[in-house]
2 protein chains.
Amino acid sequence: MMQGGRTETGGGESLLFLTDEQLRKGIEAMYFAYRAFTADPDRILENYEYGRAHHRAIHFINRQPGLTVNTLLTMLGVTKQSLNRVLRTLVEDGLVEARVGRRDKRERNLFLTEKGSALERDLSEAQRARMRAAYRSAGPAAVTGFRQVLEAMMDPEIRRHYLSMKDGAP
Amino acid sequence: MMQGGRTETGGGESLLFLTDEQLRKGIEAMYFAYRAFTADPDRILENYEYGRAHHRAIHFINRQPGLTVNTLLTMLGVTKQSLNRVLRTLVEDGLVEARVGRRDKRERNLFLTEKGSALERDLSEAQRARMRAAYRSAGPAAVTGFRQVLEAMMDPEIRRHYLSMKDGAP
DNA sequence: GATTTTATGTCAGTGATGTTGACTTTCCAA
DNA sequence: TTGGAAAGTCAACATCACTGACATAAAATC
């Protein structure tokens, strides 16, 4: 049975953090933390008729103003039909502006309106408050480790996108 | 405007990791990593007619064999109606056994059957493989920080449950 | 100039997951 | 014995994802 077995590859004591039990705890930690992580913005979104998908779209449009639908599609990893439904309501409600591309008129460049920016700030401040508290309680060294593990966990193509977005360390 | 502002509370350079930009990167890291984290088991579940909710139920029943429906409910944070639909299919398909409680016959104690254990191993091995690779590439110190931040991010009641589950450090 | 490819939008149908609300059954405990 | 907790059930509904098919416009290519 593989269940309950250790996963050391012969490296000795320094690999104790790679036991199946340790990995399972990590899996549970990811699950529980992510749930808390999404709970705060979800509470805000209940007041509107929006869901998590709207939040994601708003987040990335704020991070890369003018990005195209296709780029957003890649980052969100959903189908265009799914994203389109979300974008349509956001444009209709005046939170997002979709400007026809200047060079390539097939493209739509997406921007947040002032109203969209306001919601973005609300949502992200709720999320940042939790992240800030967690960072503060864990300390800078832990935060570095946190980011390292998360980055190593991402799919390579997505990690490229992630790393290319503007960073807080100038 | 609060947007783009720093969040230092006067502590000086040691709090640079708490800038809004750093927090936003952390938020994105969580999102992208979690997506990768769930992608592997999701691929396996496509072959069955199960979804992520079934995976979660199977995971926790494996971790705490004999747990009651109510305990599982608390850990999953869903309604009993939602969980019931999932549990019913798992029991019907012979992956989960729901034994009437010995002391309190209203309760149901949940166990994985051999068939259920087999699927659990498949699913969790896929997830552990990614976690193992990330841990290995980031190293033990990073893993400690990773866990610290995630634990600080959880809701307190859930963290209690999380910490009370068996740990890999004996 | 005609054809193909690309970017986007739209409509229809489906499935998994979640919700609320109302109700029943079982059965422990005051 | 009665009240209430635990569990299960049924119904209706919303969100968010998917696939598949099709439309439009513009760029790219032949």
Side-chain angles (χ1 to χ4, degrees), chain A residues 31 34-35 38-39 41-59 61 66-93 96-111, chain B residues 31 34-35 38-39 41-61 66-93 96-111 123:
Chain A
Y31 170 61
Y34 192 79
R35 220 174 64 192
T38 54
D42 282 358
R43 264 189 291 275
I44 294 174
L45 290 161
E46 275 175 13
N47 305 327
Y48 304 75
E49 47 195 3
Y50 299 143
R52 218 172 274 181
H54 300 82
H55 181 190
R56 290 173 192 149
I58 287 174
H59 173 94
I61 295 171
L67 88 176
T68 65
V69 173
N70 229 359
T71 305
L72 186 52
L73 227 43
T74 306
M75 288 198 299
L76 295 178
V78 297
T79 59
K80 63 173 180 173
Q81 294 92 327
S82 199
L83 175 59
N84 188 258
R85 183 175 2 127
V86 167
L87 279 182
R88 203 186 338 173
T89 68
L90 290 176
V91 170
E92 281 170 3
D93 297 353
V96 166
E97 191 186 350
R99 296 182 204 154
V100 171
R102 287 199 312 152
R103 292 183 320 194
D104 187 334
K105 294 180 185 171
R106 293 170 304 178
E107 294 183 345
R108 298 289 182 276
N109 296 112
L110 302 170
F111 300 88
Chain B
Y31 170 61
Y34 192 79
R35 221 174 64 193
T38 54
D42 281 358
R43 265 190 291 276
I44 294 173
L45 290 161
E46 274 174 15
N47 305 328
Y48 304 76
E49 49 194 2
Y50 299 143
R52 219 173 274 180
H54 300 81
H55 181 191
R56 291 172 192 151
I58 287 173
H59 173 92
F60 287 111
I61 295 172
L67 90 176
T68 65
V69 173
N70 225 6
T71 305
L72 186 52
L73 227 44
T74 306
M75 287 197 300
L76 295 178
V78 297
T79 59
K80 63 175 179 174
Q81 294 91 330
S82 197
L83 175 59
N84 189 257
R85 189 178 351 149
V86 167
L87 280 182
R88 201 185 342 167
T89 66
L90 290 176
V91 169
E92 279 171 4
D93 297 353
V96 167
E97 191 186 350
R99 296 183 203 152
V100 172
R102 287 201 310 153
R103 290 183 322 192
D104 186 336
K105 293 180 185 170
R106 293 168 302 179
E107 294 183 345
R108 298 290 181 275
N109 296 111
L110 304 170
F111 299 87
L123 291 170

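Just so it is clear: chains get the letters A, B, ... in the order the sequence lines come, proteins before strands, and each one is counted from 1.
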[N] [atom2] sits how many Å from [X] [atom1], rounded?
X      : N      : atom1 : atom2 : answer
B:L45  : C:dA16 : CG    : P     : 11 Å
A:H54  : D:dT15 : NE2   : P     : 9 Å
B:L83  : C:dT19 : CG    : P     : 10 Å
A:Y50  : C:dG18 : OH    : P     : 24 Å
A:R88  : C:dT8  : CZ    : C1'   : 12 Å
A:L67  : C:dA7  : CG    : C1'   : 14 Å
A:R102 : D:dA25 : CZ    : P     : 23 Å
A:E46  : D:dA14 : CD    : P     : 15 Å

> For the side chain of A:R85 and the base of C:dG9, is some donor closer than 3.5 Å to an acceptor across the two?
Replying inline: no
>> Tell me whether the rings of B:Y48 and B:Y50 are parallel (<30°), tilted (30 to 60°) or perpendicular (>60°).
In response: parallel
>> Of the listed nucleotides (D:dC18, C:dA16, C:dG18), which one gets closest to any side-chain atom of B:E49?
In response: C:dA16
>> Please classify the nucleic acid contact of A:R52 as base, sugar-phosphate, or nothing, using heavy-atom distances under 4.0 Å.
In response: sugar-phosphate
> B:H55 near the nucleic acid: base, sugar-phosphate alone, or nothing, with a heavy-atom cut-off under 4.0 Å?
Replying inline: nothing
>> I'd like to check B:V69 versus B:K80 (side-chain heavy atoms, cut-off strictly below 4.5 Å). Are they in contact?
In response: no
> So, do B:L110 and B:E97 sit near enough that their side-chain heavy atoms are less than 4.5 Å apart?
Replying inline: no
What's touching nucleotides 1-8 of chain D from the protein side, N or O pairs under 3.5 Å?
| from | atom 1 | to | atom 2 | distance (Å) |
| --- | --- | --- | --- | --- |
| D:dA5 | N3 | B:R106 | NH1 | 3.0 |
| D:dA7 | OP2 | B:N70 | N | 3.4 |
| D:dA7 | OP2 | B:N70 | ND2 | 3.4 |
| D:dA7 | N7 | B:K80 | NZ | 3.2 |
| D:dG8 | N7 | B:K80 | NZ | 3.4 |
| D:dG8 | O6 | B:K80 | NZ | 2.7 |

> Are any of A:T79's side-chain N or O atoms less than 4.0 Å away from OP1 or OP2 of D:dC18?
Replying inline: yes
